[in-house]
Amino acid sequence: MKTKVLAILFALGLFGFASALIWAAMRLPASMQTSANGAAPTASVSEALSDGRLDVQVYAMGNRDVRMEIQFTPDADKKESVGMRPDVNFAMVEMHMDGITPPLELVESGVWRVSLKLPMAGQWVVSVGFGEEVAEIQFDAN
C-alpha cells in the first residue's frame, strides 16, 4: 500500500514538472507580450533585415507619452551585429518638420527601450533600423 501511494505521488510530481516545462517553453517572453503596465501595443512591426530580425512595439500611453521596445535578433552567422545600436527617428505624418531622435535605453543585449513625450498629438511615424534598412510604423498619439 505504501509503495502504491509513493508511486502515485511520484507520478503526479513528474506530471506537474513536465507540465511546467512545456508551459514555460510555449509562452512568449514577458517583455514581448505587454508593456510594464499590462497594456497591449498600439502598433507593432517585425521586419527581416539582411543581418537578422527587427521587432518593434509602440505603446501610446495617453497625454502624448510614448514608450517603444526594440529587439534585434541577429542571424546565427551574424553575432557581431548584436552590439550595433539602431537609429530611431519620430516624425509627424504629413508635416514638414525635423524628426525627433530620442535616447535609447539598453535593456539587455539586442534589446532597447525608448520613453518620450511627443510635442504634439496626432499621427506619427517612427523609423527604426540600421543604415539603409529600416522598419517604419505609424501610430496615433493623443
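Remember, predicted model here, so these are calculated numbers, not experimental data.
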Minimum heavy-atom separation for [X] to [Y], with atom names?
X: Lys117; Y: Asn63; answer: NZ-O, 2.8 Å
X: Ser50; Y: Asp75; answer: O-OD2, 3.5 Å
X: Arg67; Y: Ser115; answer: CG-OG, 4.0 Å
X: Pro102; Y: Val114; answer: CG-CG1, 3.5 Å
X: Leu54; Y: Ala135; answer: CD2-CB, 4.2 Å
X: Ile137; Y: Ala43; answer: CD1-C, 3.3 Å

Cluster question for you: counting only ILVMFWY and a side-chain heavy-atom cut-off of under 4.5 Å, with indirect links fine, are [X] and [Y] together?
X: Val93; Y: Leu116; value: no
X: Val134; Y: Val126; value: no
X: Val125; Y: Phe139; value: no

Residue pair [X] / [Y], side-chain heavy-atom distance below 4.5 Å:
X: Asp140; Y: Thr42; result: no
X: Met120; Y: Met92; result: yes
X: Asp87; Y: Phe130; result: no

Measuring from atom [atom1] of [X] to atom [atom2] of [Y], what distance do you get when rounded to the nearest 0.5 angstrom?
X: Asn142; Y: Arg64; atom1: CG; atom2: CZ; answer: 10.5 Å
X: Arg113; Y: Gln57; atom1: CZ; atom2: CD; answer: 11.0 Å
X: Phe90; Y: Trp124; atom1: CZ; atom2: CH2; answer: 8.5 Å
X: Thr73; Y: Asp55; atom1: OG1; atom2: CG; answer: 6.0 Å
X: Tyr59; Y: Ser44; atom1: OH; atom2: OG; answer: 8.0 Å
X: Thr101; Y: Asn89; atom1: OG1; atom2: CG; answer: 4.5 Å

Before giving the answer on side chain to side chain contact (heavy atoms under 4.5 Å, CB included), spell out for Trp112 and Arg85 the whole-Å C-alpha distance, their side-chain angles and the decisive distance to 0.1 Å. CA-CA 8 Å; Trp112 298 269; Arg85 292 179 75 87; 4.0 Å; yes
Where do Met68 and Val56 land on the side chain to side chain contact (heavy atoms under 4.5 Å, CB included) test, with the steps shown first? CA-CA 7 Å; Met68 184 171 63; Val56 180; 3.6 Å; yes
Is the count of non-hydrogen atoms from other residues, nucleotides or ligands lying under 6.0 Å from Glu132 atom CD greater than 12? no
Within the supplied structure, the quantity of interest is the number of heavy atoms (other residues, nucleotides, ligands) at a distance under 6.0 Å from Asp98 CG; does it exceed 12? no
Side chain to side chain contact (heavy atoms under 4.5 Å, CB included) between Val88 and Ile70, worked out: CA-CA 10 Å; Val88 177; Ile70 304 164; 3.7 Å; yes
Take Leu118 and Asp65 through the side chain to side chain contact (heavy atoms under 4.5 Å, CB included) test and state the conclusion after the steps. CA-CA 6 Å; Leu118 296 171; Asp65 289 325; over 6 Å; no
